[in-house]
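Working notes for the structure below.
These values consider heavy atoms only, across backbone and side chains, with no hydrogens, waters or symmetry-generated copies.
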There are 2 protein chains.
Amino acid sequence: MTIEPELCKVEDALGILVGKWKPIILLHLMKNGTQRFSELKRSVLGITQKMLTKQLRELEDEDIIERVVYPQVPPKVEYSITEYGKSLEPILAAMHEWGTNHTIHKQQKLMKKTTEQSS
Amino acid sequence: MTIEPELCKVEDALGILVGKWKPIILLHLMKNGTQRFSELKRSVLGITQKMLTKQLRELEDEDIIERVVYPQVPPKVEYSITEYGKSLEPILAAMHEWGTNHTIHKQQKLMKKTTEQSS
DNA sequence: TTAAATAGTATCCTTTTTGATACTATACAA
DNA sequence: TTGTATAGTATCAAAAAGGATACTATTTAA
(Lines give C-alpha, C1' and ligand atoms only; values in the text may rest on other atoms or scores of the structure.)
Protein backbone atom coordinates (compact mmCIF):
# COMPACT_ATOMS: atom_id res chain seq x y z
CA MET A 1 0.00 0.00 0.00
CA THR A 2 1.26 3.43 -0.76
CA ILE A 3 -1.06 6.24 0.11
CA GLU A 4 0.76 9.53 -0.08
CA PRO A 5 0.46 10.94 3.43
CA GLU A 6 0.03 14.41 2.01
CA LEU A 7 -2.96 13.35 -0.05
CA CYS A 8 -4.42 11.24 2.70
CA LYS A 9 -8.21 11.06 2.72
CA VAL A 10 -8.48 8.72 5.65
CA GLU A 11 -9.59 11.54 7.86
CA ASP A 12 -12.48 12.37 5.57
CA ALA A 13 -13.89 8.93 6.20
CA LEU A 14 -12.86 9.01 9.83
CA GLY A 15 -14.57 12.34 10.41
CA ILE A 16 -17.88 10.81 9.52
CA LEU A 17 -17.52 7.88 11.84
CA VAL A 18 -16.23 9.62 14.91
CA GLY A 19 -18.37 11.00 17.60
CA LYS A 20 -19.19 8.94 20.57
CA TRP A 21 -22.43 7.64 19.08
CA LYS A 22 -22.20 7.55 15.30
CA PRO A 23 -21.17 3.94 14.73
CA ILE A 24 -23.90 2.69 17.02
CA ILE A 25 -26.53 4.87 15.39
CA LEU A 26 -25.45 3.66 11.97
CA LEU A 27 -25.49 0.03 13.02
CA HIS A 28 -28.97 0.41 14.42
CA LEU A 29 -30.22 1.96 11.22
CA MET A 30 -28.44 -0.64 9.11
CA LYS A 31 -29.85 -3.47 11.14
CA ASN A 32 -33.39 -2.29 11.65
CA GLY A 33 -33.94 -0.08 8.62
CA THR A 34 -36.00 3.04 9.04
CA GLN A 35 -36.36 4.25 12.61
CA ARG A 36 -38.15 7.07 14.29
CA PHE A 37 -36.30 9.54 16.45
CA SER A 38 -37.80 8.13 19.61
CA GLU A 39 -37.02 4.57 18.60
CA LEU A 40 -33.39 5.49 18.10
CA LYS A 41 -33.34 7.24 21.41
CA ARG A 42 -34.58 4.14 23.11
CA SER A 43 -32.14 1.92 21.21
CA VAL A 44 -29.03 3.95 21.77
CA LEU A 45 -28.74 3.58 25.49
CA GLY A 46 -27.58 6.60 27.41
CA ILE A 47 -27.68 9.13 24.61
CA THR A 48 -29.30 12.48 25.28
CA GLN A 49 -31.71 14.08 22.86
CA LYS A 50 -29.25 16.82 22.13
CA MET A 51 -26.50 14.39 21.22
CA LEU A 52 -28.80 12.23 19.13
CA THR A 53 -30.04 15.25 17.21
CA LYS A 54 -26.52 16.49 16.68
CA GLN A 55 -25.14 13.19 15.41
CA LEU A 56 -28.11 12.67 13.13
CA ARG A 57 -27.71 16.14 11.64
CA GLU A 58 -24.07 15.55 10.97
CA LEU A 59 -24.74 12.22 9.29
CA GLU A 60 -27.50 13.82 7.28
CA ASP A 61 -25.19 16.61 6.15
CA GLU A 62 -22.87 14.01 4.69
CA ASP A 63 -25.73 12.21 2.92
CA ILE A 64 -25.19 9.09 4.98
CA ILE A 65 -28.69 9.13 6.39
CA GLU A 66 -31.99 10.58 5.29
CA ARG A 67 -34.52 12.44 7.39
CA VAL A 68 -38.19 12.42 6.55
CA VAL A 69 -40.65 14.59 8.43
CA TYR A 70 -44.32 13.73 8.51
CA PRO A 71 -46.60 16.72 9.09
CA GLN A 72 -48.40 15.33 12.09
CA VAL A 73 -49.01 16.10 15.68
CA PRO A 74 -47.33 14.76 17.64
CA PRO A 75 -44.45 14.93 15.18
CA LYS A 76 -43.10 11.93 13.34
CA VAL A 77 -39.61 11.94 11.90
CA GLU A 78 -38.02 8.94 10.32
CA TYR A 79 -34.37 8.27 9.72
CA SER A 80 -32.80 5.77 7.37
CA ILE A 81 -29.51 4.94 5.72
CA THR A 82 -29.18 6.29 2.19
CA GLU A 83 -27.96 4.19 -0.69
CA TYR A 84 -24.81 6.20 -0.59
CA GLY A 85 -24.51 5.62 3.14
CA LYS A 86 -24.57 1.89 2.55
CA SER A 87 -21.14 2.21 0.97
CA LEU A 88 -19.83 2.59 4.51
CA GLU A 89 -20.96 -0.89 5.47
CA PRO A 90 -17.82 -2.74 4.36
CA ILE A 91 -15.69 -0.31 6.29
CA LEU A 92 -17.74 -0.69 9.43
CA ALA A 93 -17.63 -4.45 9.01
CA ALA A 94 -13.87 -4.42 8.57
CA MET A 95 -13.40 -2.21 11.60
CA HIS A 96 -15.69 -4.37 13.67
CA GLU A 97 -13.76 -7.45 12.71
CA TRP A 98 -10.43 -5.81 13.43
CA GLY A 99 -11.75 -4.47 16.71
CA THR A 100 -13.00 -7.87 17.74
CA ASN A 101 -9.61 -9.38 17.09
CA HIS A 102 -7.90 -6.51 18.83
CA THR A 103 -9.91 -7.15 21.97
CA ILE A 104 -8.53 -10.68 21.99
CA HIS A 105 -5.04 -9.39 21.31
CA LYS A 106 -5.21 -7.11 24.32
CA GLN A 107 -6.60 -9.89 26.48
CA GLN A 108 -3.68 -12.13 25.58
CA LYS A 109 -1.22 -9.37 26.27
CA LEU A 110 -2.76 -8.80 29.67
CA MET A 111 -2.69 -12.49 30.56
CA LYS A 112 0.92 -12.75 29.52
CA LYS A 113 1.84 -9.87 31.75
CA THR A 114 -0.08 -11.33 34.68
CA THR A 115 1.61 -14.71 34.22
CA GLU A 116 5.05 -13.14 34.10
CA GLN A 117 4.47 -11.18 37.28
CA SER A 118 3.30 -14.17 39.29
CA SER A 119 6.29 -16.30 38.33
CA MET B 1 -24.27 -7.11 7.32
CA THR B 2 -25.53 -7.62 10.79
CA ILE B 3 -23.29 -6.45 13.54
CA GLU B 4 -25.17 -6.39 16.79
CA PRO B 5 -24.98 -2.75 17.89
CA GLU B 6 -24.59 -3.86 21.48
CA LEU B 7 -21.53 -5.93 20.66
CA CYS B 8 -20.08 -3.33 18.35
CA LYS B 9 -16.29 -3.27 18.24
CA VAL B 10 -16.04 -0.56 15.65
CA GLU B 11 -15.02 1.93 18.28
CA ASP B 12 -12.11 -0.23 19.37
CA ALA B 13 -10.63 0.11 15.91
CA LEU B 14 -11.74 3.72 15.65
CA GLY B 15 -10.12 4.62 18.93
CA ILE B 16 -6.75 3.66 17.56
CA LEU B 17 -7.09 5.68 14.41
CA VAL B 18 -8.48 8.87 15.83
CA GLY B 19 -6.43 11.67 17.06
CA LYS B 20 -5.65 14.50 14.75
CA TRP B 21 -2.35 12.99 13.63
CA LYS B 22 -2.50 9.23 13.88
CA PRO B 23 -3.43 8.31 10.32
CA ILE B 24 -0.72 10.56 8.92
CA ILE B 25 1.90 9.19 11.28
CA LEU B 26 0.91 5.64 10.36
CA LEU B 27 1.02 6.35 6.66
CA HIS B 28 4.46 7.87 6.98
CA LEU B 29 5.74 4.84 8.84
CA MET B 30 4.06 2.48 6.42
CA LYS B 31 5.48 4.28 3.44
CA ASN B 32 9.00 4.97 4.65
CA GLY B 33 9.56 2.16 7.11
CA THR B 34 11.52 2.91 10.24
CA GLN B 35 11.78 6.58 11.12
CA ARG B 36 13.48 8.54 13.82
CA PHE B 37 11.53 10.88 16.03
CA SER B 38 12.99 13.93 14.38
CA GLU B 39 12.30 12.58 10.91
CA LEU B 40 8.69 12.08 11.79
CA LYS B 41 8.51 15.53 13.23
CA ARG B 42 9.78 16.97 9.99
CA SER B 43 7.44 14.81 7.91
CA VAL B 44 4.27 15.48 9.82
CA LEU B 45 3.89 19.15 9.10
CA GLY B 46 2.62 21.32 11.90
CA ILE B 47 2.75 18.76 14.68
CA THR B 48 4.28 19.79 17.98
CA GLN B 49 6.71 17.58 19.86
CA LYS B 50 4.24 17.04 22.59
CA MET B 51 1.55 15.84 20.22
CA LEU B 52 3.92 13.60 18.31
CA THR B 53 5.16 12.02 21.52
CA LYS B 54 1.62 11.51 22.73
CA GLN B 55 0.34 9.93 19.54
CA LEU B 56 3.38 7.67 19.30
CA ARG B 57 2.93 6.49 22.87
CA GLU B 58 -0.70 5.70 22.26
CA LEU B 59 0.08 3.73 19.12
CA GLU B 60 2.84 1.93 20.97
CA ASP B 61 0.49 1.01 23.80
CA GLU B 62 -1.74 -0.73 21.28
CA ASP B 63 1.20 -2.61 19.71
CA ILE B 64 0.69 -0.85 16.41
CA ILE B 65 4.16 0.65 16.40
CA GLU B 66 7.42 -0.24 18.01
CA ARG B 67 9.87 2.07 19.72
CA VAL B 68 13.57 1.32 19.85
CA VAL B 69 15.93 3.44 21.90
CA TYR B 70 19.62 3.53 21.13
CA PRO B 71 21.79 4.42 24.12
CA GLN B 72 23.58 7.32 22.51
CA VAL B 73 24.09 10.97 22.98
CA PRO B 74 22.45 12.77 21.37
CA PRO B 75 19.60 10.28 21.70
CA LYS B 76 18.35 8.15 18.86
CA VAL B 77 14.89 6.63 18.93
CA GLU B 78 13.39 4.77 16.04
CA TYR B 79 9.77 4.03 15.35
CA SER B 80 8.33 1.43 13.04
CA ILE B 81 5.09 -0.38 12.31
CA THR B 82 4.80 -3.77 13.96
CA GLU B 83 3.69 -6.86 12.10
CA TYR B 84 0.49 -6.65 14.04
CA GLY B 85 0.13 -2.99 13.10
CA LYS B 86 0.28 -3.91 9.46
CA SER B 87 -3.11 -5.55 9.83
CA LEU B 88 -4.51 -2.03 9.88
CA GLU B 89 -3.34 -1.35 6.34
CA PRO B 90 -6.40 -2.69 4.53
CA ILE B 91 -8.62 -0.59 6.73
CA LEU B 92 -6.62 2.54 6.12
CA ALA B 93 -6.65 1.79 2.41
CA ALA B 94 -10.40 1.27 2.42
CA MET B 95 -10.97 4.47 4.32
CA HIS B 96 -8.68 6.39 2.03
CA GLU B 97 -10.54 5.11 -0.98
CA TRP B 98 -13.89 5.90 0.53
CA GLY B 99 -12.67 9.32 1.58
CA THR B 100 -11.37 10.07 -1.88
CA ASN B 101 -14.71 9.22 -3.38
CA HIS B 102 -16.52 11.18 -0.72
CA THR B 103 -14.56 14.28 -1.58
CA ILE B 104 -15.86 13.96 -5.13
CA HIS B 105 -19.36 13.32 -3.85
CA LYS B 106 -19.31 16.52 -1.85
CA GLN B 107 -17.90 18.46 -4.79
CA GLN B 108 -20.73 17.30 -6.98
CA LYS B 109 -23.28 18.17 -4.35
CA LEU B 110 -21.83 21.64 -4.04
CA MET B 111 -21.82 22.19 -7.80
CA LYS B 112 -25.42 21.09 -8.06
CA LYS B 113 -26.45 23.54 -5.40
CA THR B 114 -24.55 26.36 -7.06
CA THR B 115 -26.15 25.58 -10.44
CA GLU B 116 -29.61 25.55 -8.93
CA GLN B 117 -29.12 28.89 -7.26
CA SER B 118 -27.90 30.65 -10.40
CA SER B 119 -30.86 29.50 -12.50
C1' DT C 1 -58.45 22.91 31.85
C1' DT C 2 -54.89 19.91 32.24
C1' DA C 3 -52.01 16.27 30.75
C1' DA C 4 -49.56 13.37 27.34
C1' DA C 5 -46.86 12.49 23.27
C1' DT C 6 -43.01 13.66 19.87
C1' DA C 7 -39.13 15.93 18.22
C1' DG C 8 -36.77 18.88 19.00
C1' DT C 9 -33.92 23.89 21.19
C1' DA C 10 -31.51 26.62 24.53
C1' DT C 11 -28.45 27.20 28.29
C1' DC C 12 -24.97 26.17 31.13
C1' DC C 13 -21.28 23.27 32.77
C1' DT C 14 -17.55 19.68 32.73
C1' DT C 15 -14.20 16.98 30.48
C1' DT C 16 -11.13 15.96 26.85
C1' DT C 17 -8.24 17.28 23.23
C1' DT C 18 -5.14 20.17 21.19
C1' DG C 19 -1.70 23.77 21.07
C1' DA C 20 2.14 27.23 22.37
C1' DT C 21 5.98 27.79 24.83
C1' DA C 22 9.72 27.06 27.74
C1' DC C 23 12.60 23.81 29.87
C1' DT C 24 15.75 19.38 30.66
C1' DA C 25 19.73 15.89 30.06
C1' DT C 26 23.98 14.55 27.93
C1' DA C 27 28.14 14.29 25.12
C1' DC C 28 30.88 16.36 21.85
C1' DA C 29 32.93 20.23 19.16
C1' DA C 30 34.64 24.91 18.70
C1' DT D 1 32.77 28.05 28.30
C1' DT D 2 29.35 28.23 25.05
C1' DG D 3 26.72 26.15 21.58
C1' DT D 4 24.57 22.13 19.12
C1' DA D 5 21.94 18.06 18.48
C1' DT D 6 18.12 14.80 19.92
C1' DA D 7 14.22 13.29 22.28
C1' DG D 8 11.79 14.30 25.11
C1' DT D 9 8.76 16.93 29.83
C1' DA D 10 6.23 20.49 32.17
C1' DT D 11 3.07 24.12 32.38
C1' DC D 12 -0.47 26.87 31.01
C1' DA D 13 -4.09 28.27 27.78
C1' DA D 14 -7.63 27.59 24.20
C1' DA D 15 -10.84 25.00 21.75
C1' DA D 16 -13.75 21.15 20.92
C1' DA D 17 -16.68 17.55 22.52
C1' DG D 18 -19.94 15.77 25.53
C1' DG D 19 -23.63 16.00 29.06
C1' DA D 20 -27.52 17.59 32.37
C1' DT D 21 -31.44 20.01 32.55
C1' DA D 22 -35.17 22.83 31.42
C1' DC D 23 -37.99 24.60 27.89
C1' DT D 24 -41.03 24.85 23.35
C1' DA D 25 -44.89 23.79 19.89
C1' DT D 26 -49.01 21.39 18.67
C1' DT D 27 -52.97 18.40 18.73
C1' DT D 28 -55.77 15.01 20.88
C1' DA D 29 -57.64 12.75 24.95
C1' DA D 30 -59.39 12.83 29.66
Going only through I, L, V, M, F, W and Y residues with side-chain contacts under 4.5 Å, is there a path from A:Ile65 to A:Val68?
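A:Ile65 does not cluster with A:Val68.
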Atom pair distance, as rounded to whole Å: [atom1] in [X] and [atom2] in [N]:
X	N	atom1	atom2	result
A:Met51	C:dC13	CE	C1'	13 Å
A:Lys20	C:dT16	NZ	C1'	11 Å
B:Gln55	C:dT18	CD	P	6 Å
A:Leu52	D:dT21	CG	C1'	17 Å
B:Leu14	C:dT17	CG	C1'	16 Å
A:Glu58	D:dG18	CD	C1'	12 Å
B:Arg67	D:dA7	CZ	P	10 Å
A:Tyr70	D:dT26	OH	C1'	19 Å

- If you measure from the Lys or Arg side-chain nitrogens to the Asp or Glu carboxylate oxygens, is any gap between B:Lys20 and A:Glu11 under 4.0 Å?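 Looking at B:Lys20 and A:Glu11, the cut-off is not met.
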**Study point:** A:Arg42 bridged to A:Glu39 by N-O distance under 4.0 Å
**Key:**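 Salt bridge: no.
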| task | Could you walk me through whether A:Glu116 and A:Lys113 pass salt bridge (charged side-chain N to carboxylate O under 4.0 Å, His left out), step by step? | result | CA-CA 5 Å; A:Glu116 280 165 8; A:Lys113 198 186 284 176; over 6 Å; no
Near DNA chain C, counting only heavy atoms under 4.0 Å, which residues of residues 33-42 of chain A show up?
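Heavy-atom cutoff 4.0 Å gives A:Arg36, A:Phe37, A:Ser38.
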Shortest side-chain distance from [X], nucleotide among [options]:
X	options	answer
B:Lys76	C:dT18, D:dA7, C:dG19	D:dA7
B:Lys50	C:dA20, D:dG18, D:dT9	C:dA20
B:Lys54	D:dT9, C:dT17, D:dG18	C:dT17
B:Val77	D:dA7, D:dA20, D:dG18	D:dA7
B:Val73	C:dT26, D:dA7, D:dT27	C:dT26

Indicate the ring-plane relationship of B:Tyr84 and A:His102, choosing parallel, tilted or perpendicular according to the 30° and 60° boundaries.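 The rings of B:Tyr84 and A:His102 lie parallel, inter-plane angle below 30°.
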Would you confirm whether B:Thr82, through its side chain, and B:Asp63, through its main-chain N or O, come within 3.5 Å as a donor-acceptor pair?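 Confirmed, B:Thr82 side chain pairs with B:Asp63 backbone.
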Check your understanding: How long is the span from the SG atom in B:Cys8 to the CE atom in A:Met95, to the nearest 0.5 Å?
Key ->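 CE of A:Met95 is found 9.5 Å from SG of B:Cys8.
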Practice problem: By nearest nucleotide on DNA chain D, pick out whichever of A:Thr48 and A:Pro75 is the more 5' one. | Solution: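 Comparing both residues, the 5'-ward one is A:Thr48.
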